[in-house]
Amino acid sequence: MSLISHIELNVSQYRTSIQFYDLIFPFMGLTRLNCTQEYTAYTDGCSKIILCPTGKQYLPSKFHRKKSGINHLALYGETKEKIDEFYRTVMIPNSIQPLYKNGPFGDDDYYAVFFEDPDRLKLEFVCAPNYCSPDHWPNTLPNNFDPYG
């Protein structure tokens, strides 16, 4: 079971965003549950990702991941080969441009491809089998900030 119940994303181009996520999410193990005028929900059986149209009064204020709020959304892939396959069969044929490198990159501990959705939310498809383990990077980096000091 996942600890995250759901993540809700407001999108400026509702129809375009649904079409984009309909393209990438099935490959990542998410299926669409429903699609209404108010929201569209996808699930992997444990958590949901929900798209909602941005209210017209908020459309002039564009999203930027460097502002306070969400920076990016990372979803697990089972293997490095799955990340490569996603890049070859979904991203390339649909002209989805990778960020940072010309395709997936990394090593056996952390292998990913980064890209953006229609609102420029950064997305990451990653194979990182030990990412949450306390004895693996980045969890072994030294603590060098005291939030109470």
Closest non-hydrogen contact found for N94 with V90 is ND2-O, 2.8 Å
Could you pull out the closest heavy-atom pair between V113 and G103, with the gap in Å? CG2-C, 4.0 Å
Same cluster or not: are [X] and [Y] linked, directly or through other Ile, Leu, Val, Met, Phe, Trp or Tyr residues, by side-chain heavy atoms under 4.5 angstrom apart?
X	Y	answer
I92	L123	yes
L33	L30	no
F27	L23	yes
L99	M91	no

May I have all residue pairs that pass salt bridge (Lys or Arg N to Asp or Glu O under 4.0 Å) and include part of residues 26-42, sequence neighbours excluded? D22-R32
Could I get the full list of side chain to side chain contact (heavy atoms under 4.5 Å, CB included) partners for E81, not counting sequence neighbours? T79
By side chain to side chain contact (heavy atoms under 4.5 Å, CB included), P118 pairs with (sequence neighbours left out) Q13, T16, S17, F20
Step by step, would you call Q97 with F115 a side-chain contact (heavy atoms from CB on, under 4.5 Å)? CA-CA 6 Å; Q97 297 300 309; F115 55 101; over 6 Å; no
Are N34 and T40 close enough that some pair of their side-chain heavy atoms sits under 4.5 Å apart? no
Answer yes or no: is there a side-chain heavy-atom contact under 4.5 Å between F125 and I24? no
Without placing hydrogens or testing angles, list every side-chain donor-acceptor pair under 3.5 Å for residues 45-56, not counting sequence neighbours.
from	atom 1	to	atom 2	distance (Å)
S47	OG	S2	OG	2.9
S47	OG	I4	O	2.5
T54	OG1	V11	N	3.3
T54	OG1	V11	O	3.0

With sequence neighbours left out, what residues match F114 under ring pair (Phe, Tyr, Trp, His ring centres under 6.0 Å)? Y100, F105
Reported OH-to-SG distance for the pair Y14 and C35, which is rounded to 0.5 angstrom: 4.5 Å
Enumerate the side-chain hydrogen bond (donor to acceptor under 3.5 Å, both in side chains) contacts for residues 103-121, please, sequence neighbours excluded, ordered by first and then second residue. S12-D119, Y21-D117, R65-E116, K80-D108, D84-Y111, Y110-E124, E116-R120
With sequence neighbours excluded, give me every side-chain hydrogen bond (donor to acceptor under 3.5 Å, both in side chains) pair touching residues 140-149. none
Starting from the C-alpha separation in whole Å, work towards a yes-or-no answer on side-chain contact (heavy atoms from CB on, under 4.5 Å) for V126 and L75. CA-CA 6 Å; V126 60; L75 299 170; over 6 Å; no
Taking distance alone, no hydrogens or angles, what donor-acceptor pairs closer than 3.5 Å link side-chain atoms of residues 130-137 to residues at least two apart or in another chain?
from	atom 1	to	atom 2	distance (Å)
S133	OG	D135	OD1	2.5

Would you list the pairs meeting ring-ring contact (aromatic ring centres under 6.0 Å, His included) in which at least one residue belongs to residues 35-82, sequence neighbours left out? F25-Y42
